[in-house]
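First up is the structure itself, then whatever we jot down about it.
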Amino acid sequence: VHLVALQLARPDGLILVKVASLQGSHLKLAFQLPGAKMRVGEKPSAAMRRLLLRDFRDIQSSITNAYRETNTFSKSSKTYGVSTTYKRTVFHATLDDGGYGTTPLSLNSVHGIGHIELQSCILFSGIDAIGERPSLNLCAWMDPAVLQVCAEAIENN
């Protein structure tokens with residue numbers, strides 16, 4: 001499975017994290033970098049452009065790409081229960097203007113994480129292609145170390 005992810009950083013070092021996505025009528029916790037699966041034959045740069053157009057259209061002009069790195073890892077698929085190899089290209093970028101309309105959010109006892117205050121939340125929505133369901137993602141600016149703790153708690157539950 002080929003993936004692209006966006007590690008978008010502000011000047012203060014916080015990165016944009018996809019906290020949850022709307023699936024049906026409920027939010028599914030994620031605590032991961034925003035990203036997308038690549039389509040058959042699609043190059044990583046094309047998949048990133050698609051992600052930016054779909055989810056970050058309003059701030060795309062304020063994003064500056066710095067570099068990208070690719071890593072390969074294997075883990076058990078939660079959907080199918082088989083070992084799956086993932087090839088992920090992470091695009092490291094910065095948000096030039098340093099600010100975007102955000103709202104505080106409080107989560108209580110989420111998957112063993114405990115209480116967490118997210119002071120800078122953003123709701124992104126977009127449509128990937130005609131006929132596809134719209135995406136709705138709750139994102140927040142977080143310290144990379146906090147992201148790691150939250151991601152591990154989600155993975156272990």
[X] side, atom [atom1]; [Y] side, atom [atom2] - distance, nearest 0.5 Å:
| X | Y | atom1 | atom2 | answer |
| --- | --- | --- | --- | --- |
| Y86 | K37 | OH | NZ | 7.0 Å |
| C139 | F56 | SG | CZ | 5.0 Å |
| C150 | L29 | SG | CG | 9.5 Å |

side-chain contact (heavy atoms from CB on, under 4.5 Å) between E42 and R50, worked out: CA-CA 10 Å; E42 189 175 37; R50 181 170 50 85; 2.9 Å; yes
Got [X] and [Y] here, is their nearest side-chain heavy-atom distance under 4.5 Å?
| X | Y | result |
| --- | --- | --- |
| L6 | L52 | yes |
| M38 | K43 | no |
| L8 | I15 | no |
| P144 | Q148 | no |
| L53 | Q60 | yes |
| M142 | F31 | yes |
| Q7 | F91 | no |

Any residue meeting salt bridge (charged side-chain N to carboxylate O under 4.0 Å, His left out) with K75, in chain and number order, not counting sequence neighbours: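 With sequence neighbours excluded, K75 shows a salt bridge (charged side-chain N to carboxylate O under 4.0 Å, His left out) to E155, given in chain and number order.
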Which atom names give the shortest non-hydrogen contact between [X] and [Y], and what distance separates them?
| X | Y | value |
| --- | --- | --- |
| P11 | L95 | CD-O, 3.9 Å |
| L51 | G35 | CD1-O, 3.7 Å |
| L33 | L16 | CD2-O, 4.0 Å |
| K18 | A30 | O-CB, 3.6 Å |

Joint cluster assignment, V1 & F73, ILVMFWY side-chain distance < 4.5 Å: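 In one cluster with V1: F73, yes.
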Side chains of residues 63-72: which donor-acceptor pairs under 3.5 Å do they make with residues two or more places apart or in other chains?
unit_1, atom_1, unit_2, atom_2, d
T64, OG1, D96, OD1, 2.9
T64, OG1, D96, OD2, 2.7
E69, OE2, H92, NE2, 2.8
T70, OG1, T89, OG1, 3.1

S74-T85 side chain donor-acceptor pair, cut-off 3.5 Å: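 Short answer, yes.
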